[in-house]
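Below, chain A is the first sequence line, B the second, and so on; all start at residue 1. Quick caveat: nothing in here was measured; it's all calculated off a predicted structure.
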Number of protein chains: 2
Amino acid sequence: MSDKDDAPRSRATAEMVAARANVSRVAVSRAFNPHTSLKPEKRELILRIAKELDYTPDRAARALVSGRSHLIAIIVPDVYAHWESQEIDALTTALQHEGFATLLFKTRTDYSMDEQLLATMRGHNPDSVIAFVENVKPSTLARFMGRAVPIYVHYPAPGATDDSVSNPLHDRLNVLQWDGIDQAVALLQGYGARRIAYLSGAPESRANTSRQHTLEEVMARRGLPPPVVVKGDFSYDAAYRATVNFFRVGDGADAVFAVNDVGAFGVIDALRHELGLRVPEDVKVVGFDDIAQSHWKSYNLTTVKFDLDERVNALVRLILRRLNNPAAPGLQETLNTRLIVRGTVG
Amino acid sequence: MSDKDDAPRSRATAEMVAARANVSRVAVSRAFNPHTSLKPEKRELILRIAKELDYTPDRAARALVSGRSHLIAIIVPDVYAHWESQEIDALTTALQHEGFATLLFKTRTDYSMDEQLLATMRGHNPDSVIAFVENVKPSTLARFMGRAVPIYVHYPAPGATDDSVSNPLHDRLNVLQWDGIDQAVALLQGYGARRIAYLSGAPESRANTSRQHTLEEVMARRGLPPPVVVKGDFSYDAAYRATVNFFRVGDGADAVFAVNDVGAFGVIDALRHELGLRVPEDVKVVGFDDIAQSHWKSYNLTTVKFDLDERVNALVRLILRRLNNPAAPGLQETLNTRLIVRGTVG
DNA sequence: TGAAAAGATGAAAGCGTGTGCAAATCTCTG
DNA sequence: CAGAGATTTGCACACGCTTTCATCTTTTCA
């Protein structure tokens, strides 16, 4: 065998591995694809030599012919928003485990979808797209995808019509909020709270409206007056300012139900550090998400929780089901919520 | 012109656009590449028809022939760690602006590098790799890349030998910590603190060791006794436990310098909610990073700051410089730090 | 032991794009 | 209007891989 010098700084190719192993290039391809027929010892030899040469099949070339890019796109408005970052983290780990890589795209913070961005994303040909963003119509997103069927995270409101039948353009993860919110209201009611305020997120977002409507419905059924809405935008700073303003000029409230945990932190800090009120003695606070910071001692927040692992598993399941059956009508998974009781209520 | 029906659910290709526009396929390719010669009106026509057909050039095919994937890989141990998530967020936005997409990879939390992961990453052929992870030798990472030259974030310690010359295998972003740490110590000293403890991160990580050594050096030069090291791991929970333990069994300290802001939060909460000590009256606390939460009222942390935008710009600059000059020796950018004074010192 | 079934192998045909090269067209000058 | 130069255009090939298909080899079973 001749001891050929390899080029110094370019990646090894299947051709080189084949030459070195005295097999055809096709055999190399087969060695890297599990369900192909290849004599075991031959496969072993090829894999050994591949390792020697630091060879990995080129995903782009593979994608071109197989139609699988092994890329999963995630679209988020804010990576550093706390809930999102934890979800991206867990999702990336889970996807990695299944052989996928995460392709991250950021939309503008006004939750609108940029056509340029969608075109770029489509160019990368992701096997699936997970949209945490809500102000884009499924039909728009679908138009911008190739074979991939986008996955939406959906929060069904109690009264809303289920549009799953009429919209088979995307798969869905349904997050049911009723149970968690009902448990929260029951707890507040148990401690004597009647005037409950709702700190909103960005008003147009569906995470916000569905949460608000669910809360209103729950409170009505429990014979409570409708919640006063304090307008926020999911951020700490907005929650802080809105709370200060609300308690200074308005009648105040016995409790605040926040659209998310970060908002709840803003509420708590405003109450304690600006308004001189005590939590939970004077005002009770409930959040939504149960992010990592919620158990930190400064907040110790009572909050409604999605189970992150369950949520990630459901998303991965959706992706795999869809890839195994590209022609299936809109797939769905459903997830529930529950209350985590800590120190900001009673 | 015949009104051909297009296939319902597969992506448009350059061929189809060419047919519809009565031009060659090559012209379509040229229409999408700025610096090629093509009659302007022809280009315009092609782009218009491309839009009609929802055509975008396939990145995988393009990458195969041009050698540019337009993918930038980022390797992190934790996405949801606060500093990292903010950096990923800003970086993704900036890269998107330059036409790149972010490819996210998560290492194991012990900061070790998985060869399997590296192989997968190499398979995707990223144009560049940014490693926030420290326990992998540059030579290992370089072996796993193709043409791409990895970028390391480096924290030069004051006495450390500069290995930039001997290691041209990677580009570097140097973050100088001296100024910020010196300002912090000066401030603490000004308020009469002498016994300063250091809350460490994962001991083996270079972010930790370099920060610790710089602190030791700064304190020595200012005539202070060396800092007592309290062992943490960058997380809130570890910081909380370590602080409780340290102040219960040891002599305590006048001030704690934490390796990062999240750790500082753990320190503050332990002091206030578990040990009954006041911050800053009894113990002063300084952090490192200036993440978004640091200005929240519950903490209001005095901290050493990298400027995030500067940092992201420097990274993007490194990437572009490298792509314009693949053969250049190890490129570098340098960044400084400074103290942000808030309420946890005096 | 022989024929049929099963398994292993390689040649060739793509996948969708960019690029070198030569031919074709246009522009300009005197 | 000729001819040189600049610009535009298309053919053919390359990128690295998977996947049919036909061929060759091995196993199975009566």
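When the P atom of D/dA14 is taken as reference, atom CZ of B/Arg68 falls 22 Å away, rounded to whole Å. When rounded to the nearest whole Å, the span between CD of B/Glu15 and P of C/dG18 equals 13 Å. Taking atom CZ on B/Arg59 and atom C1' on C/dC15, their separation rounds to 18 Å, with Å as the unit. Between the NE2 atom of A/His70 and the C1' atom of D/dC17 there is a distance of 12 Å, given to the nearest Å. B/Leu64 has its CG atom 5 Å from the C1' atom of D/dG16, to the nearest Å. What separates CZ of B/Arg11 from P of C/dT17 is a distance of 7 Å, to the nearest Å. In this entry the distance linking NE2 of A/His35 with C1' of C/dG7 reads 17 Å, nearest Å. Rounded to an integer number of Å, the gap from B/Asn22 CG to D/dG10 P is 10 Å.
You'll find that the side chain of B/Val65 is closest to C/dT17, out of C/dT17, D/dT9, C/dC15.
Phosphate proximity of D/dC17 to A/Thr13: present, with a side-chain N or O under 4.0 Å from OP1 or OP2. For A/Ser66, no side-chain nitrogen or oxygen approaches OP1 or OP2 of D/dT18 to under 4.0 Å. A sub-4.0 Å separation between OP1 or OP2 of C/dG18 and a side-chain N or O of B/Ser29 is present. Checking the phosphate oxygens (OP1, OP2) of C/dG7, no side-chain nitrogen or oxygen of A/Lys42 falls inside 4.0 Å.
The backbone N or O of A/Asn125 lies less than 3.5 Å from a partner atom in the side chain of A/Ser69, making a donor-acceptor pair.
When the shell of 6.0 Å around CD of A/Glu44 is examined, it contains 12 or fewer heavy atoms from other residues, nucleotides or ligands.
Ion pairing of B/Arg321 with B/Glu333 is present here, as a side-chain N (NZ or NE/NH1/NH2) and a carboxylate O approach within less than 4.0 Å. A salt bridge between B/Arg48 and B/Glu52 is present, with a side-chain N of the basic residue lying under 4.0 Å from a carboxylate O of the acidic one.
Note: B/Phe105 and B/His124 have tilted aromatic rings, judged against thresholds of 30 and 60 degrees for the angle between ring planes.
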Under 3.5 Å, N/O pairs linking protein and nucleotides 24-28 of chain C:
none

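Two residues, B/Val26 and A/Ala61, neighbour DNA chain D, and the one matched to the more 5' nucleotide by heavy-atom proximity is B/Val26.
Applying the 3.5 Å distance criterion, the base of C/dG18 shares a donor-acceptor pair with the side chain of B/Arg25. A donor-acceptor contact under 3.5 Å links the side chain of B/Arg30 to the base of D/dG10.
Not counting sequence neighbours, the partners of B/Arg25 by the side-chain contact (heavy atoms from CB on, under 4.5 Å) test are B/Ala14, B/Glu15, B/Ala18.
Contact check for B/Pro126 versus B/Ile72: no side-chain heavy atoms found under the 4.5 Å cut-off.
Across all strands, A/Tyr55 comes closer than 4.0 Å only to sugar-phosphate atoms, never to a base (heavy-atom distances).
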